[in-house]
Amino acid sequence: MFLALLILAILILAAVAHSYWQARRIAARFPNSGELVDVGGFRMNCVHIRSRATADLPPIVFIHGAGGNLLDQLHAFQPALDGRAEMLFVDRPGHGYSERGGPANARPDGQADAIIRLMKKRGISRAIIVGHSFGAAIAASLALHHPDRTEGVVLLAPATHPWPGGVDWHITFAAMPVVGWLFASTAVIPIGLRRIDRVTQAIFSPNPRPKDYVANTAPHLVLRPATFLNNAVDVANLHAYVAQMSPRYAEISAPTVIITGDRDGIVLADIHSRSLASSIKGSELLWISNLGHKPDYVVTDLVVAAIEKISGKPHDLQEFARRAEARLTVEEQVEELAYTPVRPSEPM
């Protein structure tokens with residue numbers, strides 16, 4: 001019995017050592033391109049692009065979703081908005097290269113407060129907040145609890161309301177005491193590295209994932225044990241948080257645009273986006289056919305138009321949405337034709 005336990009302990013230690021070695025390799029492959037800023041007891045990582053003389057938009061803060069990091073939003077929006085606005089891309093507490101900080105950062109409102117402190121440190125008094133998926137819950141918290149700092153919000157495929165069912169098994173497992181740490185420290189990296197291509201394609205589905213997406217956005221970073229655990233706790237806590245906070249969304253007064261797809265396989269758009277639009281007075285819902293969970297990449301032009309409208313430009317966003325929808329329909333038809341098997345000609 002003792003020998004069997006000793007062998008098991010050795011195997012676990014070897015697996016833990018291998019995972020942490022792999023975590024160092026991931027960090028070396030995707031080194032930090034941002035700047036760590038003390039926000040009061042811990043440091044948050046960010047990329048701060050200062051405004052230029054050509055800027056025609058107010059400052060914009062970008063908040064990534066679950067499992068992501070600042071590179072996700074950076075590569076979606078920096079090319080589209082370069083020179084037009086001061087931009088702040090953040091690693092949420094405990095993600096990317098940001099430190100986790102205290103227990104308050106396990107909830108969206110705690111992370112929102114941390115982002116406000118980061119904005120102050122970077123001299124941004126007020127901004128348009130763009131939040132994707134889980135990041136939209138944080139953007140909504142900013143609009144609710146910090147209206148003086150919120151010029152407006154653009155919520156992309158938001159996760160903001162209670163939903164039926166639970167979360168994925170690996171989230172539940174990782175959020176458990178002790179066994180969660182063991183799981184994250186032994187199995188996550190080997191499994192995750194094999195699945196990362198398939199998972200990132202599924203996040204974009206039915207839209208094609210950009211070929212350079214994985215190389216540019218470093219989704220591997222979430223596989224590191226500490227980051228994976230932080231992400232699991234965030235997601236595991238989200239349902240209770242939005243159940244508590246969603247009745248208060250009616251208090252949000254900031255201009256709000258919600259962009260969502262009818263084929264989102266990650267969040268239930270009917271529950272989150274429609275409920276959010278009905279709660280926030282004056283909000284505008286852009287419901288796009290054939291769009292999945294990544295409007296930030298797939299309809300970037302529509303997101304930019306939403307930012308422009310919040311800043312005061314007289315856009316008809318529904319017309320922009322119709323154009324985006326028509327483009328996606330054509331792209332889907334072309335893709336279907338490309339994959340239609342050619343039948344051999346029948347004999348005459």
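Note that the coordinates shown come from a computational prediction; the quantities given were computed from them, not determined experimentally.
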>> For the residue pair His95 / Thr227, report whether a side-chain donor-acceptor contact shorter than 3.5 Å exists.
In response: no
>> Looking at Ser98, is its backbone amide N or carbonyl O close enough to the side chain of Arg43 to form a donor-acceptor pair, meaning the two atoms are under 3.5 Å apart?
In response: no
> Is the closest basic N to carboxylate O distance between Glu251 and Arg248 below 4.0 Å?
Replying inline: yes
>> Could you check whether Gln78 and Gln73, counting side-chain N and O atoms only, form a donor-acceptor pair closer than 3.5 Å?
In response: no
>> Distance alone, cut at 3.5 Å: any donor-acceptor contact between the side chains of Asp72 and Tyr213?
In response: yes
>> Pairing donors with acceptors under 3.5 angstrom, does anything connect the side chains of Thr329 and Asn290?
In response: yes
>> Can you confirm if the aromatic rings of His161 and Tyr249 lie within a centre distance of less than 6.0 Å?
In response: yes
> Trp181 and Phe173: aromatic ring centres closer than 6.0 Å?
Replying inline: no
> Pick from Asp264, Val298, Asp262, Leu302: which one makes a side chain to side chain contact (heavy atoms under 4.5 Å, CB included) with Ile288?
Replying inline: Leu302
> Can Met44 be reached from Leu142 by stepping across I, L, V, M, F, W or Y side chains whose heavy atoms are under 4.5 Å apart?
Replying inline: yes
> So, are Arg84 and Glu308 salt-bridged, with charged N and O less than 4.0 Å apart?
Replying inline: yes
> Is any side-chain N of the basic residue among Arg107 and Asp113 closer than 4.0 Å to the acidic one's carboxylate O?
Replying inline: no
> Ser273 and Thr260: side-chain donor and acceptor closer than 3.5 Å?
Replying inline: yes
>> Within 45 degrees of the ring normal and closer than 6.0 Å to the centroid, is that where the cationic atom of Arg198 sits relative to Phe204?
In response: no
> Are a donor atom and an acceptor atom from the side chains of Asn45 and Glu99 found within less than 3.5 Å of each other?
Replying inline: no
>> Under a 4.0 Å threshold between the charged nitrogen and the carboxylate oxygen, would Lys309 count as salt-bridged to Glu284?
In response: yes
> Any donor and acceptor pair, going by atom type alone, linking the side chain of Gln201 with main-chain N or O of Asn207 inside 3.5 Å?
Replying inline: no
